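Input: a single structure, listed below in structure tokens.
Remember, it's a predicted structure, so these values are computed and weren't measured experimentally.
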Amino acid sequence: MSFTSSFDAKEQIRQAIDIVDLAGQYLQLRREGRIYKALCPWHDDSRPSLQINPERQSFKCWVCNIGGDIFSFLMKIENVEFPEALAMLAERAGVSLQRSRATAPAGRPGLASGGRDSPDDAAPPANDSNDKRTLYRVVAWAEEQYHRCLLESADAEIARRYLDERGLSTETIAKYKLGFGPPAWDWLLSRARVAGFNEKVLERAGLCKPRPNGPGHYDYFRGRALFPIRDPQGRPVAFGGRILPQFAEQNPAKYINSPETPLFSKSKLLYGLDTARDVISKSRCAIVMEGYTDVLIARQFGIANAVAVLGTALNREHIRPTGPLRRYADSVTLVLDGDEAGQRRSSEILELFIAELFDLRVATLPDNLDPCDFLLQRGAEAFQSVVAEAVDALEHAFRVTTRGLDIRREPHEANRALDRMLQTIAKAPRLSANTSSDHLIREATMLARLARMFEVHEELLRRRIGDLRRSTSASARPKLRGDNFVEVEPLALSAWERELLELVLLEPESVPAMAQEIRADSLVADHLRLVYARCCDLAAAGITPDFDRLMIEFDDERIKSLLVDVEEQARLKSGGLTAPGRLRDLLAWHRGQHKELAVQSQARALRDEKLSDDEAMQVLQELIQQERNRRGISAPTERQGLGGGMTNDETRMTNEAQMTNDQ
């Protein structure tokens with residue numbers, strides 16, 4: 001890898017990384033013609049509104065009003081600033097960044113950095129707790145430390161024995177890098193100091209906590225078998241820890257996960273998704289379990305589409321259109337450990353089923369077995385049979401609610417069970433008077449099914465649903481993610497400024513001609529002035545300021561989004577004048593505006609009596625001609641002009657023109 005200037009580095013990275021490949025690591029892409037589409041991760045998207053353009057190497061969501069290139073995509077999806085995105089992409093592309101600040105060529109200040117200092121050090125400071133690269137690095141380092149401890153330490157024999165008793169093979173332990181956290185208070189902290197990581201970085205990454213009584217920190221995971229949690233890109237971001245029986249008295253919590261960190265949000269990730277997503281994408285089906293060991297044993301039995309929730313129940317964040325499951329699966333089977341869990345969560349599952357147009361099914365294992373024990377005792381074929389017999393959430397809720405109940409002989413209890421289900425349906429987030437037809441159809445179908453199940457008239461159920469909704473205030477209903485979504489305001493341009501930028505992008509070779517007549521400081525919008533000035537500087541240096549070049553020149557994600565937006569719209573325009581014709585009209589209009597402003601300035605000088613008689617007469621003639629042009633009046637004949645004086649019409653027009661300019 002060779003060291004290179006800031007601009008060259010950005011260009012090398014752009015050439016090395018395809019935006020389709022990058023976006024595909026975060027989103028489920030579907031090809032449509034020459035572009036790719038995906039559900040936008042930045043708003044509650046039900047129809048793919050994010051477009052990836054492989055030809056232009058750009059992305060755009062027309063709902064969010066955001067767009068850009070690989071740099072701004074990573075900034076947005078990872079929630080990092082440009083320097084961090086640049087370094088992360090440089091590492092991915094194998095490009096080394098200079099350690100000293102890049103200097104711009106003489107006479108072109110700021111050309112390489114887009115008006116901001118560019119980071120030229122690919123490696124982040126080891127103790128910058130606000131730098132995501134540092135956090136990724138320290139979690140990966142901790143994963144390796146814990147894994148080596150499990151494999152090599154004599155103290156880890158109890159953990160190795162426990163994992164063996166759970167049926168986990170040495171191949172699985174190695175493949176998923178399981179680990180062991182010794183019971184000592186500072187086992188990881190002491191190693192971190194030697195490795196160059198301080199306590200603040202470990203705390204930010206969720207690896208240690210401040211001591212409640214006194215100074216210092218202590219290891220977060222102690223006396224536990226550890227399961228690294230990875231994001232969909234395969235990067236370790238957190239850990240799940242199962243307390244070993246020998247240490248249960250000191251640590252009563254059976255399972256703990258890493259706390260929420262800049263890298264880890266338990267409702268936005270699933271255990272095992274990084275290694276299952278390709279299989280799930282092909283089959284469009286996922287099996288969701290409740291434990292790490294369940295998933296690993298399922299993998300050993302060849303069930304490759306199994307994932308697990310992370311210390312929380314399956315919720316809307318998981319299955320909303322841009323959630324970790326919905327991106328890859330059209331159907332999800334939730335495997336519950338037994339009847340008790342099903343009884344406890346039937347209403348929650350039914351709410352999820354109603355709130356999202358999603359095929360959510362429930363499989364309850366017999367004899368209160370968890371998936372791990374069931375697979376070890378009865379095998380994969382029996383497990384797949386249970387999954388195949390999974391019922392949808394409405395049927396599951398009905399079975400749980402009416403278990404042990406004779407509907408015909410116990411009408412009072414049956415009515416109470418029915419009412420509990422109706423209350424769940426009534427408070428579902430998306431069912432209201434203005435909801436979509438798809439949800440209304442689903443509700444109608446559910447009410448018809450409930451009427452058959454409980455042997456009552458459907459009309460009675462509709463009335464009861466109406467009563468329940470009227471008694472529930474709108475403020476008590478959960479809000480959709482979309483209710484809180486704030487649309488990103490695009491950078492504003494006037495019609496003339498937008499036309500100028502469109503022509504710059506359509507005809508970048510014409511920038512020198514534009515620069516001769518249109519000065520950057522004459523533009524009103526700050527962001528356009530910055531872009532146009534950069535284009536003029538590039539053109540003066542013999543560099544064509546085309547779209548690709550400008551996307552590299554600027555680091556600001558709003559400017560990148562503006563360039564994508566204007567370039568897309570410019571190419572979509574059809575009919576009318578060609579770009580050269582539009583440019584001629586634009587320059588002619590600009591000349592007219594410039595001349596009019598000059599005349600207005602002179603008119604003010606005339607009013608203030610700052611001009612000589614000859615200068616005043618010239619200004620009056622220009623004011624008359626300007627007013628004639630505005631009204632579409634032809635120039636006077638020579639005969640009309642005899643006598644040297646102004647006509648009555650000319651005098652009136654002069655007075656009106658002066659009044660207009662004074663205003």
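Across every non-hydrogen atom of Met421 and Ala397, the tightest pair is CE-CB, 3.9 Å. Heavy atoms only, all atoms of each residue included: Pro228 and Phe239 are closest at CA-CD2, 3.8 Å. Among all heavy-atom pairs drawn from Ala451 and Leu461, the shortest one is N-CD1, 3.6 Å. Of all heavy-atom pairs between Ile173 and His147, the closest is O-CE1, 3.5 Å. In this structure, Cys40 and Cys61 approach most closely via the heavy-atom pair SG-SG, 3.7 Å.
Ion pair Asp367/Arg378 flagged as a salt bridge, since at least one NZ, NE, NH1 or NH2 atom sits closer than 4.0 Å to an Asp/Glu carboxylate oxygen. Note on Glu143 versus Arg230: salt bridge recorded, some NZ/NE/NH1/NH2 to OD/OE distance being below 4.0 Å. A salt bridge is absent between Asp359 and Arg284; no separation between the charged side-chain nitrogens and carboxylate oxygens falls under 4.0 Å. By the 4.0 Å N-to-carboxylate-O rule, Glu144 lies close enough to Lys177 to be salt-bridged with it. Classification of Lys132 and Glu84 as a salt-bridged pair fails, no side-chain N sitting under 4.0 Å from a carboxylate O.
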* To do: Test Lys60 against Leu50 for side chain to side chain contact (heavy atoms under 4.5 Å, CB included), laying out the working first.
  => CA-CA 6 Å; Lys60 179 72 179 179; Leu50 184 73; over 6 Å; no
* Hey, mind stepping through Gln51 and Tyr36 against side chain to side chain contact (heavy atoms under 4.5 Å, CB included) and telling me if it holds? -> CA-CA 6 Å; Gln51 296 183 3; Tyr36 291 82; over 6 Å; no
* Walk me through it: do Leu178 and Leu296 pass the test side chain to side chain contact (heavy atoms under 4.5 Å, CB included)? => CA-CA 11 Å; Leu178 306 192; Leu296 297 180; 4.0 Å; yes
* Passes side chain to side chain contact (heavy atoms under 4.5 Å, CB included), Leu202 versus Tyr220? Steps please. -> CA-CA 10 Å; Leu202 265 70; Tyr220 188 70; over 6 Å; no
* Go through Glu78 and Tyr136 one step at a time and tell me if the side-chain hydrogen bond (donor to acceptor under 3.5 Å, both in side chains) criterion holds. => CA-CA 12 Å; Glu78 290 280 3; Tyr136 281 123; 3.0 Å; yes
* To do: Could you walk me through whether Arg399 and Glu395 pass the salt bridge (charged side-chain N to carboxylate O under 4.0 Å, His left out) test, one step at a time?
  => CA-CA 6 Å; Arg399 292 183 182 183; Glu395 177 67 27; 3.0 Å; yes
* To do: Decide side-chain hydrogen bond (donor to acceptor under 3.5 Å, both in side chains) for Gln423 and Arg464; before the verdict, give the C-alpha distance in whole Å, the side-chain angles of both, and the deciding distance to 0.1 Å.
  => CA-CA 9 Å; Gln423 288 177 33; Arg464 179 57 179 156; over 6 Å; no
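Tyr26 places no side-chain N or O within donor-acceptor distance of the main-chain N or O of Phe73, the cut-off being under 3.5 Å. A donor-acceptor contact shorter than 3.5 Å is absent between the side chain of Asn305 and the backbone of Ala276. Counting only distance, with no hydrogens or angles, the side chain of Gln300 and the backbone of Ser169 share a donor-acceptor pair below 3.5 Å. With hydrogens and angles disregarded, a donor-acceptor distance shorter than 3.5 Å links the side chain of Asp231 to the backbone of Gly234. Looking only at distances, a side-chain donor or acceptor of Arg31 sits under 3.5 Å from a matching main-chain atom of Gly33. Using modelled atom types, no side-chain atom of Thr402 and backbone atom of Leu405 make a donor-acceptor pair closer than 3.5 Å. In this structure a side-chain-to-backbone donor-acceptor pair under 3.5 Å is present from Glu260 to Lys266. Distance alone, capped at 3.5 Å, is enough to place a donor-acceptor pair between the Thr424 side chain and the Arg420 backbone. When atom types are taken as modelled, the side chain of Asp370 and the backbone of Cys372 share a donor-acceptor pair closer than 3.5 angstrom. At least one donor-acceptor pair closer than 3.5 Å links the side chain of Arg299 to the backbone N or O of Ala306.
Looking at residues two or more places apart in sequence or on another chain, you find a salt bridge (Lys or Arg N to Asp or Glu O under 4.0 Å) between Asp373 and Arg166. In this structure, the ring-ring contact (aromatic ring centres under 6.0 Å, His included) partners of Tyr271, at least two apart in sequence or on a different chain, are Tyr292.
Atom-to-atom distance recorded for Lys268:NZ and Glu317:CD is 6.0 Å, nearest 0.5 angstrom. Atoms CG and CD, on Asn315 and Glu348 in that order, are 9.5 Å from each other to the nearest 0.5 Å. Here the CG atom belonging to Leu375 is positioned 12.5 Å from the CD atom belonging to Glu381, to the nearest 0.5 angstrom. Leu376 CG to Leu369 CG: the interatomic distance, rounded to the nearest 0.5 Å, is 10.5 Å. One distance of note links CZ of Arg160 with OG1 of Thr170; it measures 12.5 Å at 0.5 Å rounding. Rounding to the nearest 0.5 Å gives a distance of 7.0 Å between CD1 of Ile297 and OG1 of Thr172.
Exactly one of Leu244, Leu151, Leu163 qualifies for a side chain to side chain contact (heavy atoms under 4.5 Å, CB included) with Phe180. That residue is Leu244. A side chain to side chain contact (heavy atoms under 4.5 Å, CB included) with Val362 holds for exactly one of Leu336, Thr333, Val400, Val335; it is Leu336. Under the side chain to side chain contact (heavy atoms under 4.5 Å, CB included) rule, Val307 has a single partner from Leu270, Ile287, Leu269, which is Leu270.
By the neighbour-count criterion of 12 heavy atoms within 6.0 Å, atom CD of Glu249 is sparsely surrounded, having that number or fewer from other residues, nucleotides or ligands. For CZ of Arg30, the number of neighbouring non-hydrogen atoms (other residues, nucleotides, ligands) closer than 6.0 Å is 12 at most.
Under the 4.5 Å side-chain criterion, counting only non-hydrogen atoms from C-beta, Asp131 is not in contact with Val80. Under the 4.5 Å side-chain criterion, counting only non-hydrogen atoms from C-beta, Leu168 is not in contact with Tyr176. With a 4.5 Å cut-off on side-chain heavy atoms, Phe264 and Pro259 do not count as touching.
Between Trp187 and Tyr146, the ring-plane angle classifies as parallel under the 30° and 60° cut-offs.
The six-membered or imidazole ring of Phe454 lies near that of Phe398, with a centre-to-centre distance under 6.0 Å.
For the residue pair Gln25 and Arg92, a side-chain donor N or O sits within less than 3.5 Å of a side-chain acceptor on the partner. If you check the side chains of Arg224 and Tyr255, you find no donor sitting under 3.5 Å from an acceptor.
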